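As the structure is a computational prediction, the values presented were derived from the model and not from experiment. Lettering of chains follows the sequences in order, A, B, ..., and the numbering in each one begins at 1.
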Amino acid sequence: MLDKTFDPKSAEPRLYATWEASGTFRPEHVLSRDSHATPFCMVIPPPNVTGSLHIGHALNNTLQDILARYHRMRGHAVLWLPGTDHAGIATQMVVERQLAAEGNVGRREMGRDAFVERIWAWKAQSGGTITQQLRRLGASCDWSRERFTLDEGLSRAVRKVFVELHKANLIYRDKRLVNWDPHFQTAISDLEVETREVQGKMWHFAYPLEGEPIDGVSEIVIATTRPETMLGDGAVAVHPDDPRYTRFVGRQVRLPIADRLIPIIADEYPDPEKGSGAVKITGAHDFNDFQVAARHGLSMISIMDERARMAGPIPERYLGVDRYAARKMVVEEIEALGLLRQIEERVIAQPHGDRSGAVIEPYLTDQWYVDAKTLAAPAIAAVEDGRTVFEPKNWEKTYFEWMRNIEPWCISRQLWWGHRIPAWYAPDGEVFVAEDEASAKAAARAKLGRDVELRQDEDVLDTWFSSALWPFSTLGWPNETQDLKRFYPTSTLVTGFDIIFFWVARMMMMGIQFMDEVPFQRVVINGLVRDERGQKMSKSKGNVIDPLDVIDDLGADALRFSMAILSGARDIKLSKNRIEGYRNFGTKLWNAARFCQMNECTPDAAYDPAAVKETLNRWIRSETVKTAQAVSAALDAADFAEAANVLYRFVWNVFCDWYLELAKPILNGDEGRAKAETRATAAWALDQILRLLHPISPFITEELWDKTAEFGPRRDGLLIEAKWPALSGEWIDEAATAEIDWLIGLVSEVRSIRSEMNVPPSARPPLVLVGAGPLTQERLKRNRDRLCTLARLEAVREAPATPHGAVLFVAGEATAALSVAEYIDLAAEKARLAKALAAAEQDVARIARKLDNADFVARAPPEVVEENREKLAEAEAALEKLKAAAARLKTVS
RNA sequence: GGGCGGCUAGCUCAGCUGGUCAGAGCGUCUGGUUUACACCCAGAAGGUCGGGGGUUCGAACCCCUCGCCGCCCACCA
């Protein structure tokens with residue numbers, strides 16, 4: 001016999017090991033029997049190789065696993081391809097921190113090779129963590145195909161892509177302003193910059209006009225939030241139509257401190273409405289100024305080094321000074337010169353590195369860029385014409401918005417952990433891009449006519465560059481593998497909206513460029529998990545829910561079910577409490593199975609759902625079919641929340657609350673056809689539940705699949721190999737549904753009346769039923785036994801005639817002698833009846849009014865009108881009955 | 001500045017194309033444990049569906065407007 005609860009702690013590892021050993025996670029498991037099976041492929045969003053499972057992973061991978069298991073049961077050849085990402089900057093940061101904590105020398109002192117070796121060591125140590133944790137979640141990935149972005153195959157793909165894009169002029173080297181992270185001392189892409197609002201100041205400086213004053217004006221006032229950059233100013237710009245300044249254009253100002261002459265130029269960029277209308281132009285330290293400077297051929301004076309300390313052609317006292325110290329110095333000096341005109345407090349938008357938190361410095365350097373604009377065009381078209389669809393569809397808008405305004409993608413990073421850029425430089429600086437050094441040498445020889453010393457580019461590629469290739473590189477590209485042929489384009493990508501730009505968009509671009517086909521047919525966007533108050537989870541806030549803790553405490557199924565049922569929202573508010581509720585759901589199912597087992601409801605291979613006779617059994621058959629249809633439809637639409645909801649309600653509120661309760665009198669009754677049929681039907685319905693629930697809660701269902709067969713005929717195989725229920729719509733029996741619905745309504749009414757009885761609970765008789773509606777003596781008689789069970793009563797007797805039509809009263813021994821009148825609280829009954837009468841009258845009036853309305857009859861759909869006619873008839877009938885009941889009640893009292 | 005999402009019972013949310021919904025879970029309160037389940041069962045209280053206006057025979061659902069809240073994008077000194 002089953003225990004009272006499921007013990008996930010002992011069962012889950014055992015079950016997972018069984019699955020993994022069975023080979024069912026591999027598509028070959030299906031393909032070996034059916035080589036034409038429909039392929040279904042997903043690539044995992046690769047987690048950081050040295051990371052550990054957080055709640056976001058739990059959500060994302062639960063949803064993927066649900067799809068994987070669902071499609072597997074549908075007989076598809078499912079490949080869910082796992083892997084990890086080297087996560088360049090993140091991993092390098094972690095290891096650097098470790099070095100610091102251990103008091104070791106920093107990476108620069110250590111040298112590149114030693115440092116990279118150190119990261120590999122860290123990867124070897126911690127790299128298996130997250131994949132083990134995914135197993136604990138139940139993820140049915142094909143581990144035999146696990147990949148890593150830095151493994152040999154993927155590295156080869158990266159080099160080939162780089163070389164080909166370079167050949168096609170879609171990758172190029174350029175000197176322009178980049179977002180420079182002074183902490184990591186690397187360039188980062190626009191996406192890695194986080195703008196934060198901070199309280200800052202705006203300083204107004206006067207720049208003295210060189211030469212004669214104009215109309216008595218001898219200075220131009222500019223405003224800046226970054227005074228230190230003035231040392232690099234190349235001009236002062238004013239709007240060409242600004243009447244205050246047009247006459248100054250062409251003149252020069254003397255840049256204070258730097259003591260240089262710079263021109264006053266006219267450009268559309270300055271907004272006359274803002275500030276003084278005159279803007280200092282620092283081409284090498286501001287993105288806007290860069291463009292202005294470029295338009296006017298101004299020299300770009302770089303005045304900082306890679307650590308954001310002052311450098312370059314500036315007064316000696318500034319050399320090597322940190323930018324913020326320099327800011328202070330500049331302000332003091334300007335003030336001393338009498339040129340400080342104003343200081344404004346204001347909120348300014350300041351760019352920060354998303355990893356380091358350091359304030360980003362626009363910095364003029366040579367970097368490698370991808371021509372994203374060109375690659376984006378077909379990627380936009382692919383979504384426009386539906387070759388790839390987003391679910392929910394709204395996200396397409398976000399995708400379009402970004403793709404249509406895309407900027408060149410800076411892909412080089414001054415880091416050591418990552419794919420080294422396959423470019424080699426000759427001594428004279430000429431660059432040779434090739435897949436390996438030998439090819440680069442050959443190219444150099446061909447070009448220069450002799451062998452030269454080549455030096456490989458020091459930089460590595462942005463992590464997202466290799467991730468962008470993930471859907472085809474993991475399938476074996478550039479080799480033309482069987483997998484690539486079979487599984488590309490992949491079927492569905494499940495990921496968070498926070499990486500639509502970072503990842504999804506770039507996969508679209510690269511996939512189409514190199515495979516001539518979209519990388520995935522559907523993108524399912526999942527929400528972000530937050531705490532119960534909607535706050536982002538973070539260690540510093542201490543509101544983190546660790547999925548591993550949850551699995552330890554409540555089991556993986558509880559976590560998974562929670563993830564599924566909450567997944568509809570964009571912000572998923574999670575609390576432990578909530579997960580507990582879904583653990584309870586598992587227990588409920590477990591106990592239903594336990595009940596079935598106790599009553600010898602064992603699966604019967606010969607069972608034919610089409611042949612059942614009992615109303616109750618025809619009803620649960622119908623409900624099961626409807627549920628299966630709803631769950632299938634929901635999963636097809638990637639509506640996990642709906643699927644989970646439907647199952648929750650079916651299992652708890654239909655199967656347990658009503659079917660099993662109504663089945664009790666039969667199961668407790670005499671042996672016979674009805675009892676045998678009910679046993680078999682209960683077992684059958686439970687089986688269907690296990691199948692339908694398996695994708696969401698694989699562990700408990702697998703365990704029950706095994707246990708429920710203990711006393712019956714042995715099952716062959718695991719639930720994970722079982723087929724998704726294919727239930728005929730013809731098994732839906734509306735007559736049975738109506739019958740049982742009536743019964744359920746009846747019992748509910750009984751319970752309600754009983755609880756409203758105006759006597760102390762202890763004196764309350766077990767049950768009194770008043771039927772003012774379509775209740776008849778015959779029906780009551782027919783269902784007497786079932787009602788008895790439902791109300792947990794010992795006996796049922798028929799009532800004599802009552803004021804309300806039929807009355808069923810039921811009593812235990814102690815109250816058997818009481819009369820009907822004592823059972824019923826007449827006052828309460830009158831009030832009820834009055835209320836019902838009023839409601840019924842209103843009903844009739846409302847519907848009648850509606851039907852009298854010519855406009856409604858003319859304009860509403862005919863079936864709606866017809867429906868209303870029927871409703872009217874029903875309402876009128878109900879009203880009549882109530883009136884009769886009321887009349888009789890009157891006579892009694 | 002642009003865009004997206006939200007504002008429904010104390011809390012978290014359902015409510016899919018306007019015509020049985022004003023709903024569910026949790027929490028609260030009341031009552032219930034001799035054999036499926038107290039991780040349970042039965043019941044109760046609780047909401048002018050953010051404000052205002054409009055369209056309609058009829059609006060939580062459509063339109064306008066206002067108000068908060070959250071997120072994303074944006075080069076403004």
Considering every strand and a 4.0 Å limit on heavy-atom distances, what is the contact class for [X]: base, sugar-phosphate, or nothing?
X: D271(A); answer: base
X: T225(A); answer: sugar-phosphate
X: C656(A); answer: base
X: A223(A); answer: sugar-phosphate
X: Y269(A); answer: base

Is any side-chain nitrogen or oxygen of [X] closer than 4.0 Å to OP1 or OP2 of [N]?
X: N584(A); N: C40(B); answer: yes
X: K397(A); N: G5(B); answer: no
X: K280(A); N: A77(B); answer: no

Quick one: on RNA chain B, does G277(A) or L191(A) contact a more 5' nucleotide (nearest heavy atom)?
-> L191(A)

The answer to which of N591(A) and N394(A) contacts RNA chain B further toward the 5' end, by nearest nucleotide, is N394(A)

Pairwise [atom1] distance for [N] and [M], with rounding to whole Å:
N: G2(B); M: U56(B); atom1: C1'; value: 34 Å
N: G67(B); M: A74(B); atom1: C1'; value: 25 Å
N: C11(B); M: C16(B); atom1: P; value: 22 Å
N: C21(B); M: C62(B); atom1: P; value: 16 Å
N: C40(B); M: C49(B); atom1: C1'; value: 33 Å
N: C29(B); M: C66(B); atom1: C1'; value: 39 Å
N: G53(B); M: G70(B); atom1: P; value: 28 Å
N: U35(B); M: C26(B); atom1: C1'; value: 30 Å

Please give, in whole Å, the distance from [N] [atom2] to [X] [atom1]?
X: F640(A); N: C13(B); atom1: CZ; atom2: P; result: 20 Å
X: I220(A); N: A77(B); atom1: CD1; atom2: P; result: 19 Å
X: Y582(A); N: C37(B); atom1: OH; atom2: C1'; result: 19 Å
X: R578(A); N: U12(B); atom1: CZ; atom2: C1'; result: 5 Å
X: M598(A); N: A36(B); atom1: CE; atom2: P; result: 5 Å
X: E580(A); N: C37(B); atom1: CD; atom2: P; result: 20 Å
X: D498(A); N: C4(B); atom1: CG; atom2: C1'; result: 15 Å
X: N653(A); N: A24(B); atom1: CG; atom2: C1'; result: 9 Å

Listed partners of D7(A) passing side-chain hydrogen bond (donor to acceptor under 3.5 Å, both in side chains), at least two apart = S10(A)

Nearest to the side chain of [X], heavy atoms from C-beta on, is which of [options]?
X: R583(A); options: A36(B), C39(B), A77(B); answer: C39(B)
X: W652(A); options: C41(B), C71(B), A36(B); answer: C41(B)
X: T5(A); options: A77(B), C37(B), C39(B); answer: C39(B)
X: N288(A); options: C75(B), C39(B), C71(B); answer: C75(B)
X: F501(A); options: U35(B), C73(B), A77(B); answer: C73(B)
X: R346(A); options: A77(B), C37(B), C41(B); answer: A77(B)

If you take atom types as modelled and just measure distance, does the side chain of [X] reach the base of [N] with a donor-acceptor pair under 3.5 Å?
X: E661(A); N: A36(B); result: yes
X: N577(A); N: C26(B); result: no
X: K4(A); N: C37(B); result: no

Any side-chain to backbone donor/acceptor pair from [X] onto [Y]? Under 3.5 Å, distance only.
X: N591(A); Y: T587(A); value: yes
X: D289(A); Y: H285(A); value: no
X: D242(A); Y: P272(A); value: no

Could you verify whether a donor N or O on one side chain and an acceptor N or O on the other, from D267(A) and H296(A), lie under 3.5 Å apart?
->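 A donor-acceptor contact under 3.5 Å links the two side chains.
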
If you write RNA chain B from 5' to 3' in dot-bracket form, with Watson-Crick or G-U pairs under 3.5 Å, [ ] for crossing pairs and | for pairs with another strand, what do you get?
-> ((((((((.[[[[.)...(...]]]].(((((.......))))).....[[[[[..)....]]]]])))))))....

Please identify each residue that fulfils ring pair (Phe, Tyr, Trp, His ring centres under 6.0 Å) with F6(A), with sequence neighbours left out.
->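 Ring pair (Phe, Tyr, Trp, His ring centres under 6.0 Å) check on F6(A) returns W590(A).
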
Taking the six-membered ring for Trp, are the ring centroids of Y363(A) and W180(A) within less than 6.0 Å of each other?
->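 Close enough - the centres of the two rings lie under 6.0 Å apart.
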
Any side-chain heavy atom of V523(A) sitting closer than 4.5 Å to one from E391(A)?
-> no

Short N-O contact, E407(A) and K373(A), less than 4.0 angstrom = no

Assign the ring pair F655(A) / F650(A) to parallel, tilted or perpendicular, where the plane angle (0 to 90°) is split at 30° and 60°.
->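 Judged by the thresholds at 30° and 60°, the geometry between F655(A) and F650(A) is tilted.
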
